[in-house]
Structures are given as C-alpha cells and as structure tokens.
Amino acid sequence: MNTQTRFIFKDLDIRGQHIALNDAWQAMIHNRGYGELIRQLLGELSALGIFLANGMKHQGKLTLQVQGDGMVNLLLVEVTNDLKIRGMVRSEGSITAEHSLDEILGEGQIVATLYNAQTDHSFQSLVPRNAKGLIDTFEDYFSQSEQLESKLWVSSTADNLSALLLQKLPEADQHDDEGWHRVGVLANTITNQELNELSVESLLHRLFHEETLELFDANTVTYECAKDRKRFEKIIFDLGEQDARDLLKERGEIAIHNEICNEHLFFDEQDVDRIFNT
C-alpha cells in the first residue's frame, strides 16, 4: 500500500490528505543506514513533498531541500506531479536523541523549487525554518503562503511512512465556528501506532466517526530513481579526456557514486573511448 488520499469534511469546509507508504518508503531508505532521527526528518520532508506535489496543475516536479551547516548538511526530496518520489540525506557524525534540532540542521534554509516541464521553467522560494522543527515550519508555510490554517502529523519507521494533513478552508467558521477546534482536538489524540497501522478509512472513522466525511479515490505513490547513466557520462566528458584517461590508468576504472539513488556507476576503457569519440 503506497497511497495518497484526499478527503473533506462535508459539513465543515475542512479538507485533508492522508499518506500511507510501505514498499516505496522501504525502497527509498534501503541500505542508507539512517538512524531514527534522520529517518523521521526525511519522512517529514517526504510527506510535505507529496502533499504539495499533489496540487500541481502541470507536468513537472517539486524539489524540497534543507540546507545548513549542521550535522545534516543536505536533506533532499523530489516528487513529480504523478507522485514519483526520491530523496536522500547527507550527514556527518553519529546523530542521537541527545542532539538538538539546531545541532542537527544548523543555520540554514529550506529551498522549494517548482519545475514546470511544459515551459521548462523553475520557480524557487525560500521557506523560513521554525526552530521547533520541520512540521511546525510547514504548518507555518501553509498558513502564510496558502492562507490556510493547517495541522500535520507524520510518523516514520523502517517499514512505513504515514502522515495526516488537515486544512481549514476560508468558509469553515461560517459553517461551524467550533468545527476546526473540535476536529483538531480529535486529531491530536492520534498515536504513531495508529497512524502507521490503520488504513485511511479506519483511521478517519476512529478519529471523526461523528463527522460526515467524503473520501476521494487514492493516488499511487512510487519510488523512482532513474539510472541516468548519460548524466554521469557528461561528468566524465567535462573532466576532460586526458584527466579521464589518467584516472582510468591509475584505478583501472572510473567509479562515480550516484548519491541520490545510492548506487555506484563504473566506466571502463571502452566507455571512455565512446564518451570522447561521439
């Protein structure tokens, strides 16, 4: 089950999204060696990427980057308009529960880049980071950029990534001036175990069985990290033929680590001949 599902409170003018990933999430963190805190940060950014990409009206992708000078110097997630996701974390040292968020992320910024494949144009914005964490940061972002008060819950394990987003639409108070508060109080009773283990139908019934909800058809989220060998051949070409051949002579092959896909690509003499003779 790798799904993103939208829903709406029909009588309250409140909307929401739910994410439940297992295979896609496991593939994304496979053989990465991420500890619990790193995995949770990547999960939070991934959930936000999916929620935001689901609203894209054109072909393209959304890239979220947390850049800083802390123990984690890069946290990266990319999500396409059809919900193909990939991501990675680059960190230094052993990160434990004793470390604060400032120590982990340091001084830095969150960069959101929206790429429109139809116009081949990108729009970039900077998101101020809330010192309390990424969830608080993006609750602020939704409230300020979309003018929609929002609440977010995210839980990640080695097997699952699950998340719930609630947003108060502009007419909500006119329908029920206590509705947003009531829904928020109920949602705050959710546990990580429930978020990870219950289906969207069971979870929403558990939380909001006295409200009238409408669920829309689920979208499939997939992990995809294209093995773009040509992009790395260009790296070798840009290195220059003499330097490339010197490196090949010294090491017997040229190895390049595709960091975001967590794989090594190897180029031999025949590869180098082809790169510089085409």
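Here the options are Asp136, Leu166, Leu48, the test is side-chain contact (heavy atoms from CB on, under 4.5 Å), and the partner is Leu152; only Leu48 passes. For the side-chain hydrogen bond (donor to acceptor under 3.5 Å, both in side chains) test with Tyr115, the passing option among Asn81, Asp120, Thr63 is Asp120; the others fail. Of the options Leu198, Thr189, Asn188, a side-chain contact (heavy atoms from CB on, under 4.5 Å) to Leu207 is made by Thr189 and by none of the others.
Counting heavy atoms of neighbouring residues, nucleotides and ligands inside a 6.0 Å radius, atom CG of Asp217 does not exceed 12 of them. In this structure, Glu241 places its CD atom where more than 12 heavy-atom neighbours from other residues, nucleotides or ligands lie under 6.0 Å away. Residue His205 qualifies as open at atom NE2: its count of foreign heavy atoms under 6.0 Å is 12 or below. Around NE2 of His257, the count of heavy atoms belonging to other residues, nucleotides or ligands within 6.0 Å exceeds 12. Environment of CD in Gln118: crowded, with over 12 heavy atoms of neighbouring residues, nucleotides or ligands closer than 6.0 Å. Residue Phe123 qualifies as open at atom CZ: its count of foreign heavy atoms under 6.0 Å is 12 or below. Counting non-hydrogen atoms of other residues, nucleotides and ligands closer than 6.0 Å to CD of Glu103 gives a total above 12. Within 6.0 Å of CD in Glu92 there are 12 or fewer heavy atoms belonging to other residues, nucleotides or ligands.
Contact detail for Ala158 and Ile29: the closest heavy-atom pair is O-CD1, 3.7 Å. Considering every non-hydrogen atom in both Gln167 and Phe142, the closest pair reads NE2-CD2, 3.3 Å. Here the shortest heavy-atom pairing between Ala244 and Ile254 reads O-CD1, 3.6 Å. Scanning all heavy atoms of the two residues, the minimum distance from Arg39 to Tyr34 falls at N-CB, 4.3 Å. Closest approach of Gly87 to Arg32, counting heavy atoms only: O-NH2, 3.5 Å. Heavy-atom minimum distance, Val79 versus Ala53: CG1-CB, 3.6 Å.
Leu76 is not listed as a side-chain neighbour of Leu64, based on a closest heavy-atom distance of 4.5 Å or more. When side chains are defined from C-beta on, Asp159 does not count as touching Asn22, because their heavy atoms never get closer than 4.5 Å. Side-chain contact between Ile85 and Glu78: absent, with no pair of heavy atoms (C-beta onward) separated by less than 4.5 Å. Taking 4.5 Å as the limit, every side-chain heavy atom of Asn73 sits out of range of all side-chain heavy atoms of Gln67. Inter-residue side-chain proximity for Ile110 and Thr137 is flagged as met; some heavy-atom pair is nearer than 4.5 Å. The shortest side-chain heavy-atom distance between Glu233 and Ile236 does not fall under the 4.5 Å cut-off. Using a 4.5 Å heavy-atom cutoff, the side chains of Ser143 and Leu148 are not in contact.
Taking CG from Leu169 and CD from Glu149, the interatomic distance works out to 11.5 Å, rounded to the nearest 0.5 Å. Taken to the nearest 0.5 Å, the NZ atom of Lys234 stands 12.0 Å off from the CG atom of Leu239. Summarising the geometry, atom CG belonging to Leu114 is positioned 6.0 Å from atom CG belonging to Leu62; distances are rounded to the nearest 0.5 Å. With values rounded to the nearest 0.5 angstrom, Glu214 atom CD is found 12.5 Å from Leu204 atom CG.
Under the 4.5 Å side-chain heavy-atom criterion for Ile, Leu, Val, Met, Phe, Trp and Tyr, Leu161 and Met88 are members of the same hydrophobic cluster. Linking Ile, Leu, Val, Met, Phe, Trp and Tyr residues whenever their side-chain heavy atoms come within less than 4.5 Å leaves Leu213 and Phe51 in two separate clusters. Placement of Leu74 and Val66 within a single hydrophobic cluster is found when ILVMFWY residues are connected by side-chain heavy-atom separations under 4.5 Å, directly or transitively. Under the 4.5 Å side-chain contact rule for hydrophobic residues, Val200 and Ile8 do not share a cluster. Val89 and Val111 fall into different hydrophobic clusters, where Ile, Leu, Val, Met, Phe, Trp and Tyr are joined by side-chain heavy atoms under 4.5 Å apart, directly or via other members.
Panel note: side chain Glu263, backbone Asn258; no donor-acceptor pair is recorded below 3.5 Å. No donor-acceptor distance shorter than 3.5 angstrom exists from the side chain of Tyr141 to the backbone of Val127, with no hydrogens or angles considered. The backbone N or O of Ile50 sits nowhere less than 3.5 Å from a side-chain atom of Asn54 that would complete a donor-acceptor pair. Of the possible polar contacts, none joining the Asn2 side chain to the Thr220 backbone as a donor-acceptor pair under 3.5 Å is found. A side-chain donor-acceptor contact under 3.5 Å links Gln40 to the backbone of Val154. Using a distance-only test at 3.5 Å, with no hydrogens or angles considered, a donor-acceptor pair links the side chain of Asp271 to the main chain of Asp268. Side-chain atoms of Trp25 come within 3.5 Å of backbone atoms of Thr157 as a donor-acceptor pair (strictly under, hydrogens ignored).
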Candidate pair Asp23 and Tyr223, rule side chain to side chain contact (heavy atoms under 4.5 Å, CB included), full reasoning = CA-CA 8 Å; Asp23 294 346; Tyr223 172 73; over 6 Å; no

Might you work through the side chain to side chain contact (heavy atoms under 4.5 Å, CB included) test for Thr3 and Asn219, ending with a clear yes or no?
-> CA-CA 5 Å; Thr3 58; Asn219 297 307; over 6 Å; no

Check step by step if side chain to side chain contact (heavy atoms under 4.5 Å, CB included) holds for Leu42 and Leu75.
-> CA-CA 7 Å; Leu42 181 61; Leu75 186 61; 4.1 Å; yes

Test Asp173 against Lys168 for salt bridge (charged side-chain N to carboxylate O under 4.0 Å, His left out), laying out the working first.
-> CA-CA 9 Å; Asp173 287 341; Lys168 179 184 179 184; 3.1 Å; yes

Test side chain to side chain contact (heavy atoms under 4.5 Å, CB included) applied to His18 and Gln4, step by step | CA-CA 6 Å; His18 175 268; Gln4 175 274 337; over 6 Å; no

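In summary, Arg245 and Asp273 engage in a salt bridge, as defined by a charged side-chain N under 4.0 Å from a carboxylate O. One finds no salt bridge joining Glu224 and Arg86 here, because no Lys/Arg side-chain nitrogen approaches an Asp/Glu carboxylate oxygen to under 4.0 Å. Under a 4.0 Å N-O distance rule, the pair Arg182/Glu211 qualifies as a salt bridge.
In this structure, Arg274 forms no cation-pi arrangement with Phe267, as its terminal cationic atom is not both closer than 6.0 Å to the ring centre and no more than 45° off the ring axis.
Phe9 and Phe208 have perpendicular rings, their planes meeting at more than 60° on a 0 to 90° scale where under 30° would count as parallel.
A side-chain N or O of Asp246 and one of Gln242 form a donor-acceptor pair less than 3.5 Å apart. No side-chain N or O of Asn160 forms a donor-acceptor pair with one of Ser162 less than 3.5 Å apart. In summary, the side chains of Gln17 and Arg6 do not present any donor paired with an acceptor at a separation below 3.5 Å, with no hydrogens or angles considered. No hydrogens or angles considered: nothing links the side chains of Ser150 and Glu139 as a donor-acceptor pair under 3.5 Å.
Side-chain rings of Phe216 and Phe7 stay apart, their centers remaining 6.0 Å or farther from each other.
Partners of His121 by ring-ring contact (aromatic ring centres under 6.0 Å, His included), not counting sequence neighbours: none found.
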